[in-house]
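All values reported here derive from a predicted model rather than from experimental measurement. When a residue number appears, it is its place in the shown sequence, counting from 1. When a ligand or atom number is given, it counts from 1 through the structure's own listing order.
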Amino acid sequence: MLLLLACAADPTDSKDPRDTADTNTPPTEAGPRPVPAPTSLVVGEGTWTLDATTTIGADGDAVPVAEALATTLRASTGLPLPIATTGAVQLTLVDGLPAEAYHLDVTGSGATLAASDAAGLFYAAQTLLQLAPPEVYSPDVVDADWTLPAVTIEDAPRYAWRGMMIDVARHFFTVADVERQIDLMAAHKLNRLHLHLTDDQGWRIEIKSWPDLTTIGGSTEVGGGPGGFYTQEELLGLIDYAAARHITLIPEIDFPAHTQAALASYGELNEGGEPLDLYTGTGVIATPLWLDGPMTLPFVEDVWSEMAALSPSTILHIGGDEAIDISAADYASFLTWLQGDLRDEGRTLLGWDEIGAVDLGAPFYAQYWYDPTNTRDAVSHGAQVIASPAEHAYLDMMQSSDAEYGQIWAGIVDTQDSYDWDPVLTGLEDEDVIGVEGCLWTEYIDDPTKLDFMLWPRMAALAEVGWSEERDWREFRGRLAWHGQRLDTLGVGFYADPGVDWE
Ligand code: TNX
């Protein structure tokens with residue numbers, strides 16, 4: 001980032017910022033310091049203030065973005081902010097910018113936002129909000145000075161895929177819980193919400209042709225709580241809610257392992273004809289499908305045909321992880337069959353890095369979480385990669401050694417760990433990687449306040465890994481200190497990482 005601010009890194013400094021943390025002077029003023037960092041930001045002369053006369057100008061496909069911006073601004077400022085064709089805040093679709101890129105200028109007389117697509121305009125609007133005082137995110141009207149600094153910003157994302165995963169299978173989270181996280185994602189220019197909808201401990205999406213998946217398989221969760229599931233109508237609502245914020249919902253149905261909840265719902269999916277018991281433990285049991293069973297492939301096909309009908313995403317996540325009790329040959333033939341089945345639905349397969357063991361053939365996507373060899377093999381078979389290495393992107397890991405809950409198998413993952421890494425795994429080329437995703441597994445996350453605590457601010461760090469070409473932890477931690485005020489105003493119960501001098 002070209003950022004004309006005081007705390008740019010000195011390249012001669014030690015490479016390990018932990019050694020120099022004490023000498024890092026945090027910035028003495030709040031802005032303009034957007035998260036994620038824009039490609040370039042030049043501070044201009046003067047300021048501009050929103051007031052009762054301000055209008056927002058937009059037409060055509062820019063109008064929904066103007067409306068979204070106005071909704072946020074009206075809630076906190078209480079100003080009318082009518083939308084007209086032209087206004088002091090002007091949103092314009094132009095030719096010639098890459099997908100999702102934008103220009104944002106604030107001058108003494110207003111703000112202009114320009115992009116080649118609605119997503120770019122939406123991101124310009126997110127940056128504009130971050131130039132305002134943090135109170136701009138208040139859900140209720142507050143009395144504040146709505147003054148923005150004059151700036152010229154040019155910005156474009158590094159990666160097309162900037163994702164966040166929530167495991168709603170181990171513990172169920174309501175539509176409202178998920179919508180709230182979608183709002184936070186949007187403020188950080190994240191654009192893929194991956195929902196892990198099925199696992200041993202629960203089946204969370206209604207499948208009309210196999211109703212017991214949810215009435216039985218969705219009836220509990222880790223710890224034996226009541227569980228829950230989304231009706232198809234509710235999932236469609238979430239897909240729309242996300243799409244209005246330029247976020248694509250990626251559904252995951254985890255096959256051929258992690259299927260205890262399905263096998264507990266239907267006897268005919270089991271070799272003995274009897275349903276398995278429901279499972280409510282925290283341990284990964286990774287129960288495999290009975291691949292030789294006469295109903296198994298028809299079942300998988302029914303599930304994916306209903307999911308494909310629901311989901312507009314061209315990429316669908318099939319899981320594929322930890323199939324330890326399935327032979328390599330059976331695993332390969334199942335995945336090859338499933339890739340063909342999805343292709344018949346016009347979709348491309350995405351799976352966890354274990355799928356690299358199978359020569360699937362392009363196009364397909366592999367999500368790197370654990371095994372670099374599997375990931376490189378996937379690329380050699382034609383895959384592109386989403387980077388979620390556990391030691392940086394597994395947000396179920398504890399953030400400190402004295403954390404009250406969380407996993408530890410991939411180590412402590414603090415904010416700096418989520419920030420300071422390169423998504424391009426050794427041996428891969430830049431173009432092999434389409435993006436980054438933070439994953440929150442929920443064996444130990446049993447309420448929405450814990451979602452907040454585990455996701456933020458590490459997801460803000462990962463958003464910057466996905467968005468910004470140039471990164472520097474010491475500069476980021478200073479920026480994050482001020483960004484914390486915004487998270488506070490948004491009501492996020494985030495982890496106040498002691499590596500950051502929060503304001
Ligand atoms: C590994 S990641 C799993 C999940 C667990 C997670 C816990 C992956 C593809 N499989 O089933 O929830 O570790 O950290």
Find out whether the Lys NZ or Arg CZ of Arg479 is both under 6.0 angstrom from the six-membered ring centre of Tyr419 and within 45° of the ring's axis.
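No - Arg479 does not lie over the ring of Tyr419 by the 6.0 Å and 45° rule.
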
Starting from [atom], which protein heavy atom do you reach first, and at what distance in Å?
| atom | value |
| --- | --- |
| atom 10 (N) of ligand 1 | Asp321 OD2, 3.0 Å |
| atom 3 (C) of ligand 1 | Glu322 OE1, 3.6 Å |
| atom 2 (S) of ligand 1 | Tyr394 OH, 2.4 Å |

Using the benzene-type ring in the case of Trp, are the ring centres of Phe172 and Tyr230 under 6.0 Å apart?
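Here the rings of Tyr230 and Phe172 have centres that are less than 6.0 Å from each other.
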
Taking the six-membered ring where the residue is Trp, are the ring centres of Trp456 and His188 under 6.0 Å apart?
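Yes; His188 has its ring centre under 6.0 Å from that of Trp456.
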
Short list, please: which atoms of ligand 1 are under 4.0 Å from a heavy atom of Met397?
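Within the 4.0 Å cut-off of Met397, ligand 1 contributes 14 (O).
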
Once you restrict to heavy atoms under 4.0 Å, what part of Tyr370 touches ligand 1? Side chain, backbone, both or neither.
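Near ligand 1, Tyr370 shows nothing, with every heavy atom at 4.0 Å or more.
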
Could you name the option among Glu443, Gln367, His258, Gln407 that has the heavy atom nearest to atom 5 (C) of ligand 1?
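Answer by nearest heavy atom: Glu443.
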
Is it the case that Tyr241 and Asp183 place a side-chain donor and acceptor less than 3.5 Å from each other?
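Yes - a donor-acceptor pair under 3.5 Å links their side chains.
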
With respect to Asp167, determine whether any N or O atom, backbone or side chain, lies less than 3.5 Å from an N or O atom of ligand 1.
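No; every N/O pair is 3.5 Å or more apart.
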
Which label fits Trp203 and Phe255: parallel for a plane angle under 30°, tilted from 30 to 60°, or perpendicular past 60°?
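Tilted.
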
